[in-house]
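First the structure, in the form of structure tokens, and then the observations on it.
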There are 2 protein chains.
Amino acid sequence: MKATINDVAKLAGVSIKTVSRVMNNETSVRQLTRDKVMEAVNELNYQPNLAARNLAGTKAYSIAFIYDNPNAYYVIDMQNGILAACKQQGFELLIHPCQAKSEHVLEEIGDMIRKSRVAGLVLTPPFSEMPEFVQKIIDLDVDVVRIMSGDVAPDELSPCVMVNDHAASVSITQHLIDLGHKHIGFIGGEAAHMSTVERLRGYKQALTDNGISIDERLIIDGEYSFESGVHGAKQLMSEDVRPTAIFSCNDEIAAGSLFAARLMGISIPEQLSIAGFENSPFSRQTWPRLTTANQPNQKIAEDAASLLIAKSRKQTANNSVNYYTPQLIVRDSTGKSH
Amino acid sequence: MKATINDVAKLAGVSIKTVSRVMNNETSVRQLTRDKVMEAVNELNYQPNLAARNLAGTKAYSIAFIYDNPNAYYVIDMQNGILAACKQQGFELLIHPCQAKSEHVLEEIGDMIRKSRVAGLVLTPPFSEMPEFVQKIIDLDVDVVRIMSGDVAPDELSPCVMVNDHAASVSITQHLIDLGHKHIGFIGGEAAHMSTVERLRGYKQALTDNGISIDERLIIDGEYSFESGVHGAKQLMSEDVRPTAIFSCNDEIAAGSLFAARLMGISIPEQLSIAGFENSPFSRQTWPRLTTANQPNQKIAEDAASLLIAKSRKQTANNSVNYYTPQLIVRDSTGKSH
DNA sequence: TTTGATAATGACAGCGCTGTCAATTTCATT
DNA sequence: AATGAAATTGACAGCGCTGTCATTATCAAA
């Protein structure tokens, strides 16, 4: 049932080392030999044993996905993207959700690494935005790839996939301005997250570029949750200067804002425009459907995983950086200012 | 940095075999010895190497999660539940999404098993509902645990976690009937899924029990998606006999129904009551919030994983079965019939 | 104290593969 | 045909652990 490398070697009439070479796509195996081996491999349905490879060799055959994010859509997209890259490259994926605030994160990750050899880690915010943390991981002698917010990589520590939240935020805000809005509210995610910082920066820049003064009363701290959107919108709509539009920092907040508007009898988009961010499936399922910015999480994650695997393979110090700018998607939740 | 069993043995002044015994919680190690070993383990921060364990031993230290489900909330909940059980039992989790319709599923799973030793698989629908498939997996010599719909386990093939969709469906339907509804629409998920079959059965039984005749025009096939809910509701609302309530087979379908109602200018719950199923976070974020049945996916999955691990440990033929009945949660999308 | 049964420990082989290095083959040139 | 460098292949050790079986320590009862 379970063929070993020995069985293949015998059947192909070569040494196990040669089979090993073929399985690892090493050069310096004659084509003829390679064919013989592959034939035996197919005949026997042979799969190299991962445990043995890990134990005997120096290469790693797995990567891990580290995250702390309650957003199911985000996590699934990321995971699927990473899995796609893994599948293509024959890597295994270890899933590792953990609490960023916990004292034990590093310990946990260390344990994981000691237990299973891992080529590297895919880090998403907030982990990717903690330089000391990243450095400590690298000191553990594993590669890292970071997915993070910004228009340029902050350092040379690792390959990065940068999401240009600033630019995307400018287009969303500009879209609202183009619709005639002058009082635009902003409901942020966790203030410590770079994505919030960057989106806020884009918001402010768009306003400034259009000669609209920034009113701090229209800027609300939140967290990336529905409830936060409900509260934020309620608060904004009871300001002296009621905004005519709200830029919510993600789709969940936007959905919460929508909910609050309904609660207060405010019609969308007639009396109030609401924009989200992320283009989660969610944003197509609210009423009205959300104007948002498309953040292609799956692609981003697949990219990240590919960069990580490539780096771990080549052992180059060269840290590539990929860039994404979420694109505006106009739907029904934003309209002309009256 | 990376301590091996040898280092621990040396430091503790015992043989590696004794360390191994301690690490595996075997009996017949004196308490004194055990303490010495544990002290060394802590001192050195030792973690047994998974690859070596897998290679040397006969026990497995991982399970796999097999699924084919586009519902992000469902998958994440399941995964978190399984991870919780794994963490507690020191198991690793392999994530394996795949296409149920694909010819290659079995092959893929076979490859995975040959590659990584796996104690067993957690199967969710539709896989868990394919008896021949399950049998073939078991023939591959891996344990299986099935999460499935029904009020009693269909066979003795494996431990099961049964979700009593029938009973839950009766309570939802009864709730609608109690509100005075006589024309109740039903929008199903994929007709082949037992959950749809069971929920439909519950729906029909509740109607029958209350002396309401079953009108097949009010029963719509769908799939578990938002779009399907939109279409289904549109169709139902253009029947000769307009239903005054719709039981949607899951929250996504319900959200779609809500959306369709908005599109058609039908107010919820005044003109139409809509109920969902699953209690995904989603159901709290629609307007109005959905009446639904709480299906505790995370618990269910944790249970399933625990059963699987227990079975693989004890090597008993004894297949336990756990039962869950989703409970009605009344929110704002259902109201009195007028 | 000796005995015998039982509990506790250890020696050793080997899981299936890769890394190292040595042996052999190949092939373009002489 | 002989030569040598390069390409191709193989022998062998050993990764870190567990299973098997042999050995030693322990302790109640004689």
Side-chain angles (χ1 to χ4, degrees), chain A residues 1-38 40-41 44-62 90 92 111 113-117 119 313 315, chain B residues 1-38 40-41 44-62 90 92 111 113-117 119 313 315:
Chain A
M1 188 77 232
K2 230 173 211 168
T4 72
I5 195 169
N6 249 300
D7 304 326
V8 178
K10 227 166 280 170
L11 182 58
V14 299
S15 74
I16 59 169
K17 183 66 222 193
T18 297
V19 176
S20 171
R21 287 198 179 92
V22 172
M23 296 315 290
N24 288 286
N25 268 314
E26 287 176 27
T27 52
S28 86
V29 177
R30 220 182 314 171
Q31 189 56 46
L32 184 72
T33 314
R34 193 178 293 275
D35 293 344
K36 269 194 307 187
V37 170
M38 283 316 293
V41 165
L44 296 173
N45 225 320
Y46 169 69
Q47 280 285 119
N49 179 297
L50 226 198
R53 261 140 91 101
N54 268 321
L55 191 57
T58 52
K59 297 197 281 289
Y61 300 85
S62 329
E92 286 298 315
D111 284 355
I113 288 167
R114 252 157 299 172
K115 192 163 149 188
S116 323
R117 189 202 307 269
R313 280 248 174 77
Q315 286 311 127
Chain B
M1 189 76 234
K2 229 171 214 171
T4 72
I5 195 169
N6 249 300
D7 304 328
V8 178
K10 228 166 279 172
L11 182 58
V14 299
S15 73
I16 59 169
K17 182 67 222 192
T18 297
V19 177
S20 170
R21 288 200 179 90
V22 173
M23 296 315 290
N24 287 286
N25 270 313
E26 289 175 26
T27 52
S28 84
V29 178
R30 222 182 314 173
Q31 189 57 45
L32 184 71
T33 314
R34 193 178 292 276
D35 292 345
K36 269 193 306 186
V37 170
M38 283 315 293
V41 165
L44 296 174
N45 224 321
Y46 169 71
Q47 281 284 120
N49 179 298
L50 226 200
R53 262 142 87 102
N54 268 320
L55 191 56
T58 53
K59 296 198 280 288
Y61 300 85
S62 328
E92 286 297 317
D111 284 355
I113 289 166
R114 252 157 296 172
K115 190 163 152 186
S116 324
R117 187 201 311 263
R313 280 245 175 79
Q315 287 310 126

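A note on names: the letters A, B, ... follow the listed sequences, proteins ahead of strands, and every chain is numbered from 1.
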A/L32 CG - D/dA7 P separation (whole Å): 18 Å

Tell me: NZ of B/K115 to C1' of C/dG16, nearest whole Å? 15 Å

Under a 3.5 Å distance rule, please check whether A/N49 uses its side chain to pair with a backbone N or O of A/A51 as donor and acceptor. yes

To the nearest angstrom, the CD-C1' distance between B/Q31 and C/dT9 comes to 16 Å

Gap between atoms CG and P, on B/L55 and C/dA13 respectively (whole Å): 17 Å

In Å and rounded to the nearest 0.5 Å, what is the NZ to CZ distance from B/K2 to A/R117? 6.0 Å

At under 4.0 Å between heavy atoms, which parts of nucleotides 17-27 of chain C does protein reach? Answer with one letter per nucleotide, 5' to 3': B base, S sugar-phosphate only, - none. BBBB-----S-

Applying side chain to side chain donor-acceptor pair (under 3.5 Å), can you list everything that pairs with B/S116, at least two apart in sequence or on another chain? none

OP1, OP2 of D/dA7 versus side-chain N and O of A/T27: anything below 4.0 Å? no

Straight-line distance of A/K59 NZ to A/R313 CZ, nearest 0.5 Å: 9.0 Å

Backbone N or O of A/L32 within a donor-acceptor pair of the A/D35 side chain at under 3.5 Å? no

Axial bend angle, the helix from C/dT1-D/dA30 to C/dT30-D/dA1: five-pair end segments, nearest 10°: 40°

Nearest whole Å is fine: how far is C/dG16 P from B/R117 CZ? 9 Å

Determine, stepwise, if the pair B/D111 / B/R114 fulfils salt bridge (Lys or Arg N to Asp or Glu O under 4.0 Å). CA-CA 5 Å; B/D111 284 355; B/R114 252 157 296 172; 3.6 Å; yes

Just how far is it from atom CZ of A/R34 to atom CE of A/M23, taken to the nearest 0.5 Å? 11.0 Å

In this structure, how many angstroms lie between the C1' atom of D/dT8 and the CG atom of A/N25, rounded? 17 Å

Interatomic distance, OH@A/Y46 vs CD1@A/I5, rounded to 0.5 Å, equals 4.0 Å

